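From a predicted model like this one, the values you see are computed outputs, not experimental measurements. Reminder, nothing fancy here: chain letters follow the sequence lines and each chain counts from 1.
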4 protein chains.
Amino acid sequence: MAHVKGPDHSRRKERSRQAILEATRALVAEEAYEKVTVEAIAARAGVGKQTIYRRWPSKSAVVFAALLALSEDPDGQSVALPDTGDLETDLKLVMRATAEEFADPSFDRLIRALNTEIANDAELAAEYREKLAQPLEEAKKARLRSAQEVGQLDADADLDLVLEVLYAPLFQRWLHRSGPLTAAYADSLVDATLRAFGPRTGVGSTPGELGPVDS
Amino acid sequence: MAHVKGPDHSRRKERSRQAILEATRALVAEEAYEKVTVEAIAARAGVGKQTIYRRWPSKSAVVFAALLALSEDPDGQSVALPDTGDLETDLKLVMRATAEEFADPSFDRLIRALNTEIANDAELAAEYREKLAQPLEEAKKARLRSAQEVGQLDADADLDLVLEVLYAPLFQRWLHRSGPLTAAYADSLVDATLRAFGPRTGVGSTPGELGPVDS
Amino acid sequence: MAHVKGPDHSRRKERSRQAILEATRALVAEEAYEKVTVEAIAARAGVGKQTIYRRWPSKSAVVFAALLALSEDPDGQSVALPDTGDLETDLKLVMRATAEEFADPSFDRLIRALNTEIANDAELAAEYREKLAQPLEEAKKARLRSAQEVGQLDADADLDLVLEVLYAPLFQRWLHRSGPLTAAYADSLVDATLRAFGPRTGVGSTPGELGPVDS
Amino acid sequence: MAHVKGPDHSRRKERSRQAILEATRALVAEEAYEKVTVEAIAARAGVGKQTIYRRWPSKSAVVFAALLALSEDPDGQSVALPDTGDLETDLKLVMRATAEEFADPSFDRLIRALNTEIANDAELAAEYREKLAQPLEEAKKARLRSAQEVGQLDADADLDLVLEVLYAPLFQRWLHRSGPLTAAYADSLVDATLRAFGPRTGVGSTPGELGPVDS
DNA sequence: TTCTAAACGAGACGGTACGTCCTGTCTTACC
DNA sequence: GGTAAGACAGGACGTACCGTCTCGTTTAGAA
């Protein structure tokens, strides 16, 4: 088990790595993505450019890593959606929060940068899905499955599809700035989704038996 | 108010304009958007760089204009969706066609470039909506209204929302490469949309009896 | 005779060229050669780096060109050594002037830079000889030939060798800082050279016979 | 005076020191001086960079030390010129050997590197003179003094000047590549030097008659 | 038909950022 | 404790484009 490698310098490495990611995040949040330069990141992080290029192959990769780290920080922790027992309530809560998040200018810039990256780089897109999107989707699907068990959602529904119908309109409206992201809009997406994938009435079980589903 | 200008050179202008837009389209279709340079466009179009900058303020604007022109070309013509009388049939046709379109690599690159532009530039986004998105949406809404009239779609449905629920999942799946764009997928989006916004025909209940449920 | 070439931009070209060479000269005169950077030259000249690299392949070449230009400036003019008729007087005048020149710190730095270049690059050395050294040597040899004609110098002397014996010690002492460059030293080099290559006494003609030709 | 040090790592020290100097020599002999890097030296010597910087303050110093060591190696030995009793013979032997030495490409690169260093660094130049040049010059002067004693050289000649007249032309011709370094050339330098500083035996004239010509 | 002035192709220009390389210092692990 | 390994901050390198400017050269309309 004796490895032949050199020293790991792990403390310095970690310190500079964090400084770089933090500086990147700050810069991307501050100004338009295309104006963020590797030189500025290095300067802000108090780091030589080579230290950046030693770890990442391009600006895209650094920015992407910085944004990934943003969501990964609480390492071991697994995300979970609220579960009050009422799907509609929970979804509206989550969707309204999501809509609000997009309103924050610095969050907006960060996510636009991230989307620009992954839209134009299939590899980064794959990494994004694996590291960020899937865990989040799993959490959401867990909530949906729990709803399926209590008959608040069609047991046969394709959960990926459900999530897309729920989230994609919000995402697209934000990305294209094609309309306001209000709470009412968030609610109406939940309503539409539940109409599309809610319990199939008259298949042996009555919703009413399980208690009220609507607000 | 008659100004004393020289010859208008309109023929040359038009020729070089077309050459620029065509070269831009070709380059964007060929390689990653960020590798398309104004210099390359000028060279390919057999044009001086200044001739480009005389007309457009930035590379973004040229690319955007090139893509706009792509869809505007059949000038006077107004798009219209098929109307067989059956909304489900028509929508599935359209959605399957849309899904196929995205599969063409050069179309893919063009639209990714366009989306990158408008995602990061609010002004271009506005122009995009005005010139491209809205006319298309109007055509789609016209078809939906026709469906409302024959009771194939909830008369109170917010048509913008309907279109988002229908298209946004497809768009997002394409943009993030998060799943295959099959005909079955296109169909399932139509199905879901129709479940969400179709006629409110309960089992043994008339739509009118239940009244609108939405807020 | 209609040429197919583009515009010559000669005025801009010449202006920026002069600015670059002047800035280079100033910087090389100011500080150690190795601390002169292309970036500093560009900044001082108010010029983009690319404008330098468009003309010269390396820093060496720019510096070399700057130093060449320094001596070439009076374009058509051909150098000539004084000719009073007395070789010893003339040579001592020239050698003392040369010794003094080397004492000027900014001249010193310039010439050290030049020598560093040509010592390490055979091509530059060839160009240096052709453009700077040879014309100067020709002027010197012209004076020596005139001396040979009046019997003040051995008619069979190899003039290249004479010049080397005369100048090389001064040059080496300066380059290696191995001794002071005084007027007395300059004189003693002339004396030694004249002893080595002066008229061969007793070969039929006495110098005195021809009488002094000087002023 | 025995100093109280720990385990005397002197052997390791000496080993790594030798490895560094040897690697430096090899690299300088192999390629252009400016392409020799400290990193390459360290790698070739199998040594950490810090081990180099612990001993020498800069790359210049390492290279200089390497070249110094080259000539110092036979430590206690003091150089001496041949003395056959005939100065001309001895000098021609030495000058021809010197000229040949310069023809060796790897020697050439080494000495060019050395000259570049000392031409641009007064401190190194001083060290060079003290450690390398002066001992050698002393040896040469010893031979000249011996010649003075037997009347083969002017007893009043400034031996530094004699050496310069003898060697500097060869050195300059080599440094500037301004001519071939042939045996005939070497001989002609000896001849010229002896004419300039040889015994003052005029044909039928006593030296005293002419008197010193110098100022 | 000749003249004239705008628009043009070409491409140099001042800049900015890129990604690479090397210097001289610092840190870690090993011996 | 000194060493090999090599990461680090810094900074120059030479390249690629940007958007501007400056040339001669079309070229199409007005004279």
- Query: Does B:R17 have any salt bridge (charged side-chain N to carboxylate O under 4.0 Å, His left out) partners at least two apart in sequence or in another chain, and if so, which?
  - Reply: none
- Message: Side-chain N or O of C:S16 versus OP1/OP2 of E:dC13: is the shortest distance under 4.0 Å?
- Response: yes
- Task: Quickly work out the D:R44 CZ to E:dC22 P distance and round it to whole Å.
- Result: 15 Å
- Message: If you assign C:R17 and A:A40 each to the DNA chain E nucleotide with the nearest heavy atom, which residue ends up on the more 5' nucleotide?
- Response: C:R17
- Query: Listed by chain and number, what are the side chain to side chain donor-acceptor pair (under 3.5 Å) partners of C:S60, not counting sequence neighbours?
  - Reply: C:E117
- Note on the structure: Here the distance between atom C1' of E:dA12 and atom CD of C:E14, to the nearest Å, is 14 Å
- Task: Say whether B:R25 and B:S106, considering side chains only, have a donor N or O and an acceptor N or O under 3.5 Å apart.
- Result: no
- Item | With sequence neighbours excluded, residues passing side chain to side chain donor-acceptor pair (under 3.5 Å) with C:E39 | C:K49
- Message: Tell me every residue that passes salt bridge (charged side-chain N to carboxylate O under 4.0 Å, His left out) with A:K59, counting only those two or more places apart in sequence or in another chain.
- Response: none
- Under the 3.5 angstrom rule, does the side chain of B:R109 hit a backbone N or O of A:N120 as a donor-acceptor pair? no
- Item | Integer-rounded Å distance: F:dC17 C1' and B:I41 CD1 | 12 Å
- Message: Output the rounded distance in Å from CD (D:E39) to P (F:dA4).
- Response: 15 Å
- Message: In whole Å, I'd like the distance from the CD atom of B:E34 to the C1' atom of F:dC18.
- Response: 16 Å
- Using side chain to side chain donor-acceptor pair (under 3.5 Å) as the criterion, list what pairs up with D:R54, not counting sequence neighbours. none
- Task: Would you mind reading off the distance between A:Q18 atom CD and F:dA7 atom C1', rounded to a whole angstrom?
- Result: 17 Å
- Can you tell me how far P of F:dC21 sits from CZ of C:R15, to the nearest Å? 14 Å
- Determine to 10° how strongly the helix from E:dT1-F:dA31 to E:dC31-F:dG1 is bent, judged from the axes of its five-pair ends. 10°
- Query: Just how far, in rounded Å, is C1' of E:dA17 from NZ of B:K35?
  - Reply: 17 Å
- Task: Using the test side chain to side chain donor-acceptor pair (under 3.5 Å), find all partners of C:R112 that sit at least two apart in sequence or belong to another chain.
- Result: C:D108
- Query: Looking at residues 49-59 of chain B, who's got a heavy atom less than 4.0 Å off DNA chain F?
  - Reply: B:K49, B:Q50, B:Y53, B:K59
- Message: Let me spell it out: for each of A:A45 and C:V38, pick the nucleotide of DNA chain F with the closest heavy atom. Which residue's pick is nearer the 5' end?
- Response: A:A45
- Task: Quick one: list whatever passes ring pair (Phe, Tyr, Trp, His ring centres under 6.0 Å) with C:Y128, sequence neighbours left out.
- Result: D:H176
